[in-house]
Every structure is written in structure tokens, then in C-alpha cells.
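Given the structure is predicted, the values throughout are model-derived calculations rather than measurements. Below, chains carry the letters A, B, ... as their sequence lines are ordered, and counting in each starts from 1.
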Number of protein chains: 2
Amino acid sequence: MNFQQLRIIQETVRRNFNLTEVAAALFTSQSGVSKHVRDLEEELGVDLFIRKGKRFLGLTEPGKDVAMVVDRILLEVGNLKTVAAQFSDTDSGNLTVAATHTQARYALPPAVAEFKRQFPRVHLTLTQASPAEISTMLLEGAADIGVATESLADTDDLIAIPYYTWHHAVIVPQDHPLTAHDSLSLTELAQWPIITYHDGFTGRPRIDQAFAEANLSWDLVMAAMDADVIKTYVQLGLGIGIIASMAFDAQRDQGLVLLDSASLFPASTSYLAVRKGRLLRGYARSFLQSCVPSRKSLLERLGQG
Amino acid sequence: MNFQQLRIIQETVRRNFNLTEVAAALFTSQSGVSKHVRDLEEELGVDLFIRKGKRFLGLTEPGKDVAMVVDRILLEVGNLKTVAAQFSDTDSGNLTVAATHTQARYALPPAVAEFKRQFPRVHLTLTQASPAEISTMLLEGAADIGVATESLADTDDLIAIPYYTWHHAVIVPQDHPLTAHDSLSLTELAQWPIITYHDGFTGRPRIDQAFAEANLSWDLVMAAMDADVIKTYVQLGLGIGIIASMAFDAQRDQGLVLLDSASLFPASTSYLAVRKGRLLRGYARSFLQSCVPSRKSLLERLGQG
DNA sequence: GATGCTTACGATACCCGTAAAGATA
DNA sequence: TATCTTTACGGGTATCGTAAGCATC
């Protein structure tokens, strides 16, 4: 048994049992991959994969158990390297943060700036992705820290730390009739065409929930993944927008008006998340700390004294 | 990085940093061991061991962290093999139970008999050892299950399951003056020379505790590791014995009398223990189950569905 | 016929063990 | 001096990659 075999098992599961892809992903030959799989199966005395002729279709029952343990082993191997790197070169290395557009653009900039100041020798990669992709990246080790409003708190094997709480707000063009109102109601909103976030993005479930609970049908004319797109089309007069309030900047967004609507929609919480059991470099912990300065205990909850 | 290197790191710590011993334990050459250590240190970029000239003295700070992770990796590697073996050959294999004399002789026989009946193809090894040795064996993977009254419940990285509770009892020769008494007191006991268990064996702390709390000094004339030795010398008239009550058998131990003394000493609890994070074969779980039939939940606490 | 897995085979690199040298107690 | 680690070197083996063969879709 060797590490390459374990990596191949893991990658085979991730790549939908296509050994050719696995070989490409691990920068080696198909033939080698094939042999490694056979060798390991022989050594363990059980078939790990369901085969139909020469095709791989999935994991056998023992294969499922083995794959779980393999994941843990490779996770710990990563931790080994992390521990060593932590000592050999404390303040240099890589940090990959995967975040949604909303987070990357409106929440993270201060933390990122602070981080670059504090750790100039760390290469920081800020990857933009959907909440689901962020989950996957964290689980597969492709990212160290994830930031999103959706999906992170529900996933086992992730540790989610509440980051901040915010409300949705309505934006309309400067001359829009709604600007005349003193206070907004959902019923009024529902009478206009609405542009807001896609399913699974930036608190969208809370918008659906608010209208559903009020028993209102609403006219969603467009769904986007980020507030900038929404704002663009609101400005074009396609409809009124519902965005995260922190995405509005009176300075930059001239021609648009933000209408307070904190009371209309339930609050949303954005989360920072890391993979359970994955050791973080010191500077990664600092990054989290600078995002949520008060929560000393939460870092301890990561199991990383 | 490869598994052999990790095994060497682990074994180097266990063998007190003597590479020659490590090589012998792993059935390989010193030179290879030496090179592997250097190679891994080079790959990780940190020294793992404190050296004085060419001698190894201990672990560096990063070495300590690395050694912990290495232990976890190798533990999981063992689990990998266990998982596979579990499927490839369900009811054959090995089971090593490490137990003290008291447990092996007076508590375990029914469970062992039941086990042999149920799993005739499993090779069962019952190793007799001191509580401290049992701990070590469990931690190092040399035993699957440990049984003892002392030390198992206090050790982190072990999961201890209460097995049964018992009391100490006094044994005296048939014609001994104490047999005339209706009820025994500690004060009376303290007037006789006493033979009982060694420190760290079979509830000895509770005996010390009882006398200490009563402010009595007592005359320990002999300390043994098992009840059979104690009984022998009690029979010879060297003193009165304090043993675990289940170690007395009226049939076998003719010439001796058991005096009830449940009220004199605090109750003792014997434990079954397994290494935290170590996967058990199905038959090993059955063994535990047959020892504590009622505690379904405790087996779940082992993290082994 | 295109894609994907297996087998065969030759080159390479890695791992191991012997032996000698150097360091420590 | 005896014990222990390092270095040097040669032999063996496992791993890898190319290429051909064969099954699946």
C-alpha cells in the first residue's frame, strides 16, 4: 500500500470513476492507475469498485467504507505538511479563500486588505464560486476557507462560523414611484417586476419565504448571481431590485435609491467555513480571527489550539 | 513521503529514539532507517528530532506535532485494513484481549467461552498484563480490547466502558479469630497483618483510601498481583487477605473463609477499553456486546455504526 | 468508431542492505 | 572500547510510461 494508490482511490471517486480522467488529474498514466487500483484491491482482499466488464461504475460496499478512511488518511497527510510548513516558514505560503460574489465584493475587502498588510509573503487566492462549489472546494481541499450565506452551515464535515447578519433591501431608480412612500410593504413590492438573486445565492430563500408567508405571488423577471448585474438592470428600468443591503453604495450607485426594508425580509447570516479536521496554517487562523475578532472560542472549536 | 517513513517516525518515538532498535523492530537496516528519517525531514523542511552530534535525544516542537499526526495516519491505515478484512472474511481473524490476572481468571471466562463458541475461526489471544501495560498495548495497537480496574478510565485516547462493579472482601484461614465476629470493622482488620494487591492493581487505591479515611495505620506484610498468590499466603498463616470478592470460590478455596466486607471498602468498577478511533472487527464488537449486553449506546459511542 | 480499461514490456528511480567510517558515551 | 549514526555503494525491485490489445458504448 502506498499514498499514490490512496490518492487514486480518492480521485476515482471524485472523477466519477473515469480512470482516464484520474490519470490526467494526478499527472500519471492510465495504465499505472489501473494497475494501482488492482494492486490495492488485491492487497486488501476485496473489490473496491463495481465493474461492468472493463468499465467502472461505482463503489462496492467495502469500497465505500474504504473510501471514507482513505479520505481521512489523505486529510491527515495534508495536515502533516501543514504542520511542517507552519514551522519551517511561518509567514509564507498560500491561502485560498473561496467566496461568493457578494462576499468577495462587499464583505471581505477589509479583511483581505488587513491580511495582505499583516502577511505580505503569503500568496492569497480569492476564488469566486457558487455556494455549492465552495462546499465542494472545502471538502476536497481546494480551498482553505469558504465564505457564503448558503449551504455552508448545512454541510456535515464543514465547520461554519457565523460571520455577520444582514438584511435584504430594495433598490429602485431615482424617479420611481416607490420612492414617494414613507414605508414599504410586501404587498406593494409584489406589484412590480422584481430582479433579485438566483436560487441558492445570497439569501434568496429568505425572499421566497417572505412572499410565501404573506401569501403573495410575485413577478420575478430576472435572477442574477450578483448585485452588480441586478443594479444594472434596475437602472435600465426592467424592474425593482432586491439585493443585500451592504451591496449598495450611495456614492457609486448614483441614479439608484435604496429603500429600507429590513422589516420585510427575515435576516440572513453569512458564514465562514472550514473543512472539519483540516489543520489551518497560523495565518489562516489569523484571517478568520480578523473576520470575527470576538470569537476566540470558535477557533478552539476547530480543534486547533 | 511513504508509509515506511511514517512507521519509522512512530517507532522511533516508541523506542526512545534508538534507531538501531527501530530498525530491529521494523525488520530493516539501521542505514535505511537513518536515511528515511533524513529524507522525511528534508521533504517536510523541518528537523523532527533533537540531535546531539549523532545521537537522537527527543522530538523537536514540530516533531511533536508531526508525531501526533503520524499516529493518526497509521491508526487510520490500520482501520483501512480492518474494514477490508471485515468484508473479505467476516468471521475469521485475530482478537487480542489484554487483561489483568483478576479479569482473565474471574471475570472473562464466560465471555471467552461464548466467543469461542460463536466465532470458532477467530484466533483469540488473551494476554495477561498490568493495567499500565494494557493501556500501552491498546494505544500502540498491540491489543484490541483491554480489561482492568485501574488506569483505563483515566487515559485520554482510550474509550472505557464500565464492565461490572464489585467489592473487596476479606479472607482468613478457617480457624481464624475473625470468623467468630458477626460484623467486621476496619479497626479490627487493622490489627492483623494484611496481604493484598500491589499498587495499581485490582482496586488497591480503594483499600488505601478506606484506611486513610478512617485514620488507621495498617500492616501490609505482602503485596501481590493476583488473588491466587494472596490466598496461598493467607493459607500459610502469614496474614489476612483482602481480595476482590469474585476471586473467592468456596468450592475450590477450602480451608479459607470469606468475610463479607462490602461496607468497609468503596465499590470498585472494572472497565473494558478500546483505543479511541480504532476500528474494531465485527467479532470484536460482539465480544464487547456479550460483556455488556445492555449498552447498545456504548458501542455507538465508539463511532462504529 | 470513439472512449476507456487492461496487459506487456522496457527504462528509470527508489528502496534496501552490506560495509566502512565517524561520532558519542 | 562499545554503541550508535552516517555515508557510500551495489543489487534488486517497484513504479512509471509507451504502446498494443480488447471491451464497452
Side-chain angles (χ1 to χ4, degrees), chain A residues 1-60 62-63 66-67 70 73-74 77 80-81, chain B residues 1-60 62-63 66-67 70 73-74 77 80-81:
Chain A
M1 185 184 315
N2 59 45
F3 287 118
Q4 180 72 340
Q5 291 169 341
L6 303 189
R7 263 180 250 123
I8 285 172
I9 299 303
Q10 182 180 66
E11 205 63 30
T12 301
V13 175
R14 291 183 179 175
R15 305 265 163 185
N16 263 75
F17 311 101
N18 181 327
L19 296 198
T20 307
E21 263 190 62
V22 171
L26 297 179
F27 305 103
T28 183
S29 65
Q30 287 122 311
S31 74
V33 169
S34 182
K35 186 156 192 324
H36 267 318
V37 171
R38 284 213 160 286
D39 286 350
L40 186 60
E41 286 183 323
E42 190 158 332
E43 180 176 346
L44 294 179
V46 285
D47 280 0
L48 302 177
F49 296 101
I50 300 169
R51 294 170 168 80
K52 182 171 183 182
K54 288 192 172 182
R55 299 294 168 106
F56 281 56
L57 295 182
L59 286 168
T60 59
V66 165
V70 166
I73 293 175
L74 295 177
V77 170
L80 200 61
K81 291 174 181 163
Chain B
M1 186 185 314
N2 59 45
F3 287 119
Q4 180 71 341
Q5 290 169 341
L6 303 190
R7 263 179 251 121
I8 285 171
I9 299 303
Q10 183 180 67
E11 205 63 30
T12 301
V13 175
R14 291 184 179 174
R15 305 266 162 186
N16 263 75
F17 311 102
N18 181 328
L19 297 197
T20 306
E21 264 190 63
V22 171
L26 297 178
F27 304 102
T28 183
S29 65
Q30 287 121 311
S31 74
V33 169
S34 181
K35 187 158 190 328
H36 267 318
V37 171
R38 284 214 159 285
D39 286 351
L40 185 62
E41 286 183 325
E42 190 158 333
E43 181 176 347
L44 294 179
V46 285
D47 281 359
L48 302 177
F49 296 101
I50 299 170
R51 294 169 169 81
K52 182 171 183 181
K54 289 192 170 182
R55 300 297 168 103
F56 282 55
L57 295 181
L59 288 167
T60 60
V66 165
V70 165
I73 293 175
L74 295 178
V77 170
L80 200 62
K81 292 174 181 163

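Shown here for B:L19 and B:S34, the closest heavy-atom pair between the two residues is CD1-CA, 4.1 Å. Minimum interatomic distance between A:L59 and A:I50 (heavy atoms only, all atoms of both residues): O-CD1, 3.3 Å. Pairing each heavy atom of A:F3 with each of A:L74, the nearest pair is CD2-CD2, 4.5 Å. Here the closest non-hydrogen pair linking B:N18 and B:T20 is OD1-N, 2.9 Å. The nearest pair of heavy atoms linking A:E41 to A:L48 is OE2-N, 2.7 Å. Closest non-hydrogen pair, A:A23 versus A:Q30, comes out as CB-N, 3.6 Å.
The aromatic rings of B:F17 and B:F49 sit perpendicular, their planes meeting at an angle over 60°, well past the 30° parallel limit.
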**Request:** Take B:R7 and B:Q4, measure what side chain to side chain donor-acceptor pair (under 3.5 Å) needs, and give me the verdict at the end.
**Result:** CA-CA 5 Å; B:R7 263 179 251 121; B:Q4 180 71 341; 2.5 Å; yes
**Prompt:** Yes or no on side chain to side chain contact (heavy atoms under 4.5 Å, CB included) for A:M1 and A:L44, after CA distance, side-chain angles and deciding distance?
**Reply:** CA-CA 9 Å; A:M1 185 184 315; A:L44 294 179; 4.2 Å; yes
**Request:** Take B:N16 and B:E21, measure what side chain to side chain contact (heavy atoms under 4.5 Å, CB included) needs, and give me the verdict at the end.
**Result:** CA-CA 9 Å; B:N16 263 75; B:E21 264 190 63; 6.0 Å; no
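In this structure, B:I50 places its CD1 atom 17 Å from C1' of D:dT5, rounding to the nearest Å. In this structure, CZ of A:R7 is placed 12 Å from P of D:dT15, rounded to the nearest angstrom.
Partners of B:R38 under the salt bridge (charged side-chain N to carboxylate O under 4.0 Å, His left out) rule, at least two apart in sequence or in another chain, do not exist in this structure. A:R55 meets the salt bridge (charged side-chain N to carboxylate O under 4.0 Å, His left out) test with no other residue; sequence neighbours excluded.
Contacts between residues 27-43 of chain B and DNA chain D, defined by a heavy-atom separation under 4.0 Å, are made by B:Q30, B:S31, B:S34, B:R38. Remark: B:F17, B:N18, B:L19, B:T20 in residues 13-23 of chain B come within less than 4.0 Å of DNA chain D through at least one heavy atom.
Checking B:L40, B:I9, B:L6 one by one against A:L80, the side chain to side chain contact (heavy atoms under 4.5 Å, CB included) holds for a single residue, B:L6.
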Could you run down the sub-3.5 Å N/O contacts of the protein with nucleotides 22-24 of chain D?
{"from": "D:dT24", "atom 1": "O2", "to": "A:R55", "atom 2": "NH2", "distance (Å)": "2.8"}

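Nucleotides of DNA chain C lying under 4.0 Å from heavy atoms of chain B occupy a range whose first and last members, 5' to 3', are C:dC15 to C:dA25.
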